[in-house]
Asks: 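Could you have a look at this structure, given as structure tokens, before my questions?
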2 protein chains.
Amino acid sequence: MRVLVVEDDAKIASFVVKGLRQEGFAVDHAPDGDTGLALATSTAYDTAIVDIMLPQLDGISLVKRLRAARCPVPVLFLSAKSSVDDRIKGLQAGGDDYLTKPFAFSELAARVQALIRRANQSPEATRLTAGDVTLDLVTREVTCAGRAVSLQPREFTLLAFLLRHVGRPVSKTMLLEHVWDYSFDPQTNVVDVVVSRLRAKIDPDHTRLETVRGVGYIFRPHA
Amino acid sequence: MRVLVVEDDAKIASFVVKGLRQEGFAVDHAPDGDTGLALATSTAYDTAIVDIMLPQLDGISLVKRLRAARCPVPVLFLSAKSSVDDRIKGLQAGGDDYLTKPFAFSELAARVQALIRRANQSPEATRLTAGDVTLDLVTREVTCAGRAVSLQPREFTLLAFLLRHVGRPVSKTMLLEHVWDYSFDPQTNVVDVVVSRLRAKIDPDHTRLETVRGVGYIFRPHA
DNA sequence: TATTATTCATGCGTGTGCTCGTGGTCGAAG
DNA sequence: CTTCGACCACGAGCACACGCATGAATAATA
């Protein structure tokens with residue numbers, strides 16, 4: 001488990017880094033926001049602990065940039081201020097948790113564990129899977145039965161939506177709304193066409209992506 | 001278990017927050033609607049306790065916005081008024097429960113527990129069962145005596161209606177109205193035909209779906 | 001402009017729902 | 001007990017809407 005600590009206060013940083021290493025984590029330390037951003041974008045961390053008050057690039061902006069760069073690492077903010085306002089700003093910027101200084105190390109360790117657990121349990125973060133089909137929202141890679149498949153944007157979005165609703169039928173109206181952003185019925189067969197093309201690529205014999213007449217489609221994972 | 005308390009009255013808020021913490025909940029507090037909305041949309045709470053009378057953004061509007069943002073957190077409303085009207089408004093806005101001030105803390109704790117329990121087991125809401133026949137309205141799966149049965153749309157709607165009226169006879173007129181959306185008698189035997197097909201699939205020996213001559217049909221669960 | 005992605009338009013195949021008609025069942029009256 | 005009429009069951013067949021696939025046209029992107 002790799003953890004990144006972005007903290008400028010040397011005492012706190014060393015206290016946190018040592019403690020986490022004793023817990024068995026591989027820990028990297030960045031003393032300022034720019035270094036933190038560089039490390040976070042170049043390495044796959046399981047969690048980042050980010051101080052809000054930082055030289056050069058503050059913690060909130062750092063995380064905003066991470067999210068803009070599609071980096072899904074769970075972030076725990078550290079802050080001297082405990083105001084609800086700050087907390088909200090942090091969470092809105094894309095943070096996952098918030099801890100106020102001073103804090104007990106055991107508290108920090110517990111939250112880091114929780115973040116990692118949550119991230120591992122929610123494939124929602126980046127990777128969707130159903131049976132032998134996988135789809136990575138970040139790298140946009142799709143595999144089916146082990147081999148890579150290249151999808152067009154619409155096909156990709158459609159498959160992602162289907163994978164989020166595995167085992168339950170999705171209506172054409174739902175698809176038009178969430179894959180096409182139409183709030184009305186365009187009176188055409190766009191959906192049918194893209195479904196047809198998607199099938200040709202990942203399900204030629206219609207065993208995964210079944211049609212439910214009069215209702216819509218349903219994605220069933222291949223045993 | 002994380003709980004959000006949105007309450008502007010400091011005394012009540014502290015009373016509730018302390019009590020819930022003693023019960024082992026992780027509690028966050030928002031003193032007004034805007035703050036509550038921000039917290040609720042950025043953190044995954046297991047329950048939200050929301051006062052109706054709030055500064056800035058009132059409780060009802062708050063919950064409406066939450067629902068519009070597809071935030072499914074169970075909501076318990078608090079209110080000084082106990083009128084049926086208010087209660088209805090609350091539930092219509094997407095609330096799950098309603099408590100009138102003043103209330104005993106034990107009462108509140110019990111309801112919060114109930115809400116969390118209900119939310120965790122909720123998928124049952126979409127499933128109709130009678131004897132050895134089950135029907136899932138969401139996945140559209142139907143089983144009879146353990147094995148899966150595939151139904152056509154009309155048959156599915158018909159069975160769903162029958163399961164909602166288990167043990168009491170339903171007339172053909174009722175069926176035409178609720179399964180076919182006819183408000184008149186089409187002078188044909190559509191109902192008979194579809195009933196016949198349904199029987200062939202889930203009740204070949206007429207022991208579950210009996211006919212009541214001159215009246216209609218009645219579904220009796222298999223012991 | 002060249003290239004890719006998306007949408008439109010068309011014809012075909014088929015599942016679905018409906019009607020029809022026959023034969024069966026029930027119940028009340030003779 | 002028999003007869004008769006009304007009601008019901010269900011197989012067969014038809015028509016239509018729905019879904020599918022494909023190529024052409026348009027739009028977006030480089």
Asks: What I'd like to find out is whether the side chain of A/Ser196 reaches to under 4.5 Å of the side chain of A/Val193, using heavy atoms alone.
Replies: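 Side chain of A/Ser196 against side chain of A/Val193, heavy atoms only: no contact under 4.5 Å found.
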Asks: Rounded to the nearest Å, what distance is computed from the CG atom of residue B/Asp205 to the C1' atom of nucleotide D/dA9?
Replies: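 Distance, rounded to whole Å: 15 Å.
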Asks: Would you please say whether a donor-acceptor pair under 3.5 Å links the side chains of B/Thr134 and B/Thr143?
Replies: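 Distance-only check passes for B/Thr134 and B/Thr143.
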Asks: OP1 or OP2 of D/dG19 versus the side-chain N and O atoms of A/Thr211: is any pair under 4.0 Å?
Replies: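 No, no such contact exists.
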Asks: With a cut-off of less than 4.0 Å, is there a side-chain N or O of A/Gln152 near OP1 or OP2 of C/dT4?
Replies: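 The answer is no; no side-chain N or O of A/Gln152 sits under 4.0 Å from OP1 or OP2.
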Asks: Report yes if some heavy atom in the side chain of A/Ser171 is under 4.5 Å from a heavy atom in the side chain of A/Val215; otherwise report no.
Replies: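 A/Ser171 does not reach A/Val215 side chain to side chain.
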Asks: How long is the line joining CZ of A/Arg140 and C1' of C/dA5, in whole Å?
Replies: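 The answer, rounded to whole Å, is 13 Å.
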Asks: Output the rounded distance in Å from CG (B/Asp181) to C1' (C/dG17).
Replies: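 The distance from CG of B/Asp181 to C1' of C/dG17 comes to 15 Å, rounded to the nearest Å.
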Asks: Base contacts versus sugar-phosphate-only contacts with protein, heavy atoms under 4.0 Å: please encode nucleotides 22-30 of chain C as B, S and - from 5' to 3'.
Replies: --BBB----
Asks: So if I take residues 168-176 of chain B and measure heavy-atom distances to DNA chain D, which residues fall below 4.0 Å?
Replies: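 Of all residues in residues 168-176 of chain B, the ones placing a heavy atom under 4.0 Å from DNA chain D are B/Lys172.
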Asks: How many whole angstroms separate atom CD of B/Glu155 from atom P of D/dC10?
Replies: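 Going from B/Glu155 (CD) to D/dC10 (P), I get 13 Å.
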Asks: Can you confirm whether A/Leu159 sits close enough to A/Leu135 that some side-chain heavy atom of one is under 4.5 Å from a side-chain heavy atom of the other?
Replies: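 Counting from C-beta outward, A/Leu159 and A/Leu135 do come under 4.5 Å.
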Asks: Under 4.0 Å between any heavy atoms, over every strand shown, what does A/Phe156 touch: base, sugar-phosphate, or nothing? Just pick one.
Replies: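 If one applies the 4.0 Å heavy-atom cut-off, A/Phe156 turns out to touch nothing in the nucleic acid.
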Asks: Can you tell me if the side-chain N/O atoms of A/Trp180 get under 4.0 Å from OP1 or OP2 in C/dT7?
Replies: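 Affirmative; the distance criterion is met.
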Asks: Would you kindly give the CG-to-P distance between B/Leu151 and C/dT16, to the nearest whole Å?
Replies: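 Answer to the nearest Å: 11 Å.
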Asks: Return no unless some side-chain N or O of B/Tyr182 is found under 4.0 Å from OP1 or OP2 of C/dG17.
Replies: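 Looking at the OP1 and OP2 atoms of C/dG17, neither is under 4.0 Å from any side-chain N or O of B/Tyr182.
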Asks: Answer yes or no: are there more than 12 heavy-atom neighbours, outside A/Met53 itself, under 6.0 Å from its atom CE?
Replies: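 Atom CE in A/Met53 is not packed in, count stays at 12 or less.
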Asks: In whole Å, what is the span from the CD atom of A/Glu210 to the P atom of D/dC20?
Replies: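 After rounding, the reported distance stands at 11 Å.
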Asks: Which ones in residues 189-203 of chain A lie close to DNA chain D, meaning a heavy atom under 4.0 Å from one of its atoms?
Replies: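 Within residues 189-203 of chain A, the residues near DNA chain D are A/Asn189, A/Asp192, A/Val193, A/Ser196, A/Arg197, A/Arg199.
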Asks: So, is the end of the B/Arg140 side chain (NZ or CZ) under 6.0 Å from the ring centre of B/Phe156 and within 45° of the ring's axis?
Replies: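 Geometry flag: set, cation within 6.0 Å and 45°.
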Asks: Any side-chain heavy atom of A/Arg199 sitting closer than 4.5 Å to one from A/Thr211?
Replies: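 When only atoms from C-beta onward are counted, A/Thr211 and A/Arg199 do touch, with a gap below 4.5 Å.
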Asks: Taking the six-membered ring of A/Phe25, is the NZ or CZ of A/Arg2 close enough (under 6.0 Å from the centre) and on axis enough (within 45°)?
Replies: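 Geometry flag: not set, cation outside 6.0 Å or 45°.
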Asks: Taking side chain as C-beta onward, heavy atoms only, is B/Lys172 less than 4.5 Å from B/Tyr217?
Replies: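 Yes. Closest side-chain heavy atoms under 4.5 Å.
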Asks: Would a 4.5 Å heavy-atom cut-off, applied to side chains only, mark A/Pro221 and A/Val166 as touching?
Replies: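 Touching, per the 4.5 Å side-chain cut-off.
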Asks: Given side chains that start at C-beta, do those of B/Leu37 and B/Leu39 come closer than 4.5 Å, heavy atoms only?
Replies: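 SC-SC contact between B/Leu37 and B/Leu39 ruled out.
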Asks: Between A/Glu177 and A/Tyr182, is any pair of side-chain heavy atoms under 4.5 Å apart?
Replies: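 Heavy-atom side-chain distance check fails, nothing below 4.5 Å.
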Asks: So what does B/Pro186 hit on the nucleic acid, given a heavy-atom distance under 4.0 Å: a base, only sugar-phosphate, or nothing?
Replies: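 If one applies the 4.0 Å heavy-atom cut-off, B/Pro186 turns out to touch nothing in the nucleic acid.
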Asks: Can you tell me the distance, in whole Å, between the CD atom of A/Gln187 and the C1' atom of C/dT10?
Replies: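 Checked: the CD to C1' distance equals 17 Å.
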